[in-house]
Amino acid sequence: MSSDLHTLSGAYALDALTPEERALFATHLGDCPACREEVRELQEVAARMGADEPIAPTPELKARILAAADRQPQLPPKVTTLERDRRHRRTAWIGGAAAAVVLLLAGAFTVVRLQQPDGTPVASSPVAQVFKAPDAHTATVRTANGGRLRVATSTARGQMAVSTTGLPRLTGHSYQMWTIRNGRATSAGVIADVSTGKVLRLPADGTTVAITIEPPGGSDQPTQKPIVAMDPATV
């Protein structure tokens, strides 16, 4: 495994790490805003490409690729010791995962820029459906703990979606969402994984949606000051 955890963001976004590496990198994400942002962007591009409809390549493209393959020199295999071969295959595997991310971004960059100029999250299908609704209103909201949320409301669907991929990961605590009306807070659920976000029924006018940091599993009532409070009507 690379000693520089920053280089594993691509493999993490593609779920190409071992359980041990994934756990180590997940801990690293809690202290590295740059890696959190890079992982969020890579996951969004990967999910967007998976959701797009495939387009059959033209015959001319196939001919160009085959012609380029014919011109590529074929190098003889290298014979190494078993241990060196293991290290080489391990390095090549990580490098291949990073290369796959680069190619994925190169092929999808134009499509994503055209179809998602505001960085609309596609980390989870339920969240993405609200953001893609024809009548969706979206906004970006900063949180008191240095995070960022993407919020969308759809009157036609009667839903509000919150993409939480921009929130710092927590250790020993959980994010919990609340709807607050007339001073009364009602739990809208614990955010178990910031990569999936949250969808809830569109709150009635005069309702505030807030997020607090609570003990693992959440609380019956907020125990901390909200890191963010939003009025869905203003989204």
Side-chain angles (χ1 to χ4, degrees), residues 1-44 46-47 94 97 119 121-128 130 139-152 160-181 183-201 203 207-232:
M1 181 177 66
S2 172
S3 59
D4 185 358
L5 292 176
H6 300 280
T7 64
L8 299 181
S9 57
Y12 180 85
L14 293 179
D15 198 21
L17 297 176
T18 65
E20 179 184 4
E21 291 169 338
R22 185 173 182 83
L24 185 61
F25 189 76
T27 301
H28 167 72
L29 284 179
D31 300 319
C32 184
C35 282
R36 287 199 302 271
E37 182 69 12
E38 184 174 10
V39 167
R40 180 188 67 79
E41 292 175 350
L42 293 176
Q43 287 177 330
E44 290 178 0
I94 294 177
V122 292
S124 71
S125 180
V127 171
V130 180
T140 299
V141 183
R142 297 287 179 176
T143 64
N145 67 335
R148 185 181 69 172
L149 300 174
R150 287 286 295 153
V151 185
M160 175 180 180
V162 181
S163 172
T164 54
T165 56
L167 286 179
R169 291 182 179 270
L170 301 177
T171 300
H173 290 83
S174 299
Y175 289 109
Q176 189 167 359
M177 189 173 293
W178 308 87
T179 56
I180 304 174
R181 185 175 176 82
R184 180 179 179 182
T186 302
S187 176
V190 173
I191 302 172
D193 186 347
V194 295
S195 67
T196 60
K198 197 77 173 176
V199 175
L200 59 153
R201 185 183 299 276
T207 301
T208 298
V209 175
I211 296 177
T212 61
I213 297 176
E214 302 294 337
S219 304
D220 293 334
Q221 287 292 305
T223 63
Q224 301 289 333
K225 182 178 179 180
I227 62 171
V228 65
M230 304 166 283
D231 181 358

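Treat the numbers as computed from the prediction; the structure is a model and nothing was measured. Heavy-atom basis, side chains included; hydrogens, waters and symmetry copies ignored.
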A.B. asks: To the nearest 0.5 angstrom, please state how far the CG atom of Leu170 sits from the CG atom of Asn145.
C.D. replies: 7.0 Å

A.B. asks: So which atom in Gln176 and which in Ser187 form the shortest heavy-atom distance, rounded to 0.1 Å?
C.D. replies: NE2-OG, 2.9 Å

A.B. asks: Go through the steps to decide whether Leu149 and Thr143 satisfy the test side-chain contact (heavy atoms from CB on, under 4.5 Å), and finish with yes or no.
C.D. replies: CA-CA 7 Å; Leu149 300 174; Thr143 64; 3.9 Å; yes

A.B. asks: Would you check if Thr223 and Pro215 make a side-chain contact, meaning some heavy-atom pair closer than 4.5 Å?
C.D. replies: yes

A.B. asks: Do Ile191 and Val162 make a side-chain contact, defined as non-hydrogen atoms from C-beta onward lying under 4.5 Å apart?
C.D. replies: no

A.B. asks: Taking all heavy atoms of Val190 and all of Ser174, pick out the closest pair and write down the distance.
C.D. replies: CG1-CB, 3.7 Å

A.B. asks: Go through Arg169 and Asp193 one step at a time and tell me if the side-chain contact (heavy atoms from CB on, under 4.5 Å) criterion holds.
C.D. replies: CA-CA 8 Å; Arg169 291 182 179 270; Asp193 186 347; 3.8 Å; yes

A.B. asks: If you compare all heavy atoms of Pro232 against all heavy atoms of Met160, which two are closest, and at what distance to 0.1 Å?
C.D. replies: CG-SD, 3.8 Å

A.B. asks: Excluding sequence neighbours, so at least two apart, what forms side-chain contact (heavy atoms from CB on, under 4.5 Å) with Glu37?
C.D. replies: Arg40, Glu41, Arg148

A.B. asks: Please report the closest heavy-atom contact between Ala210 and Ile180, naming both atoms and the distance.
C.D. replies: CB-CD1, 4.0 Å

A.B. asks: Within the 4.5 Å heavy-atom criterion, are Trp178 and Glu214 side-chain neighbours or not?
C.D. replies: yes

A.B. asks: Grab the two heavy atoms, one from Thr196 and one from Val127, that are nearest each other, plus how far apart they are.
C.D. replies: O-CG2, 3.4 Å

A.B. asks: Contact between Leu8 and Leu24 at the side-chain level, heavy atoms closer than 4.5 Å - yes or no?
C.D. replies: no

A.B. asks: Side chains of Glu20 and Thr18: any donor to acceptor distance under 3.5 Å?
C.D. replies: no

A.B. asks: How close do Ile213 and Gln224 get, heavy atom to heavy atom, and via which atoms?
C.D. replies: O-CG, 3.1 Å

A.B. asks: Within a 6.0 Å radius of atom CZ on Arg201, are there more than 12 heavy atoms belonging to other residues, nucleotides or ligands?
C.D. replies: no

A.B. asks: Tyr175 versus Ile227: any side-chain heavy-atom pair under 4.5 Å?
C.D. replies: yes

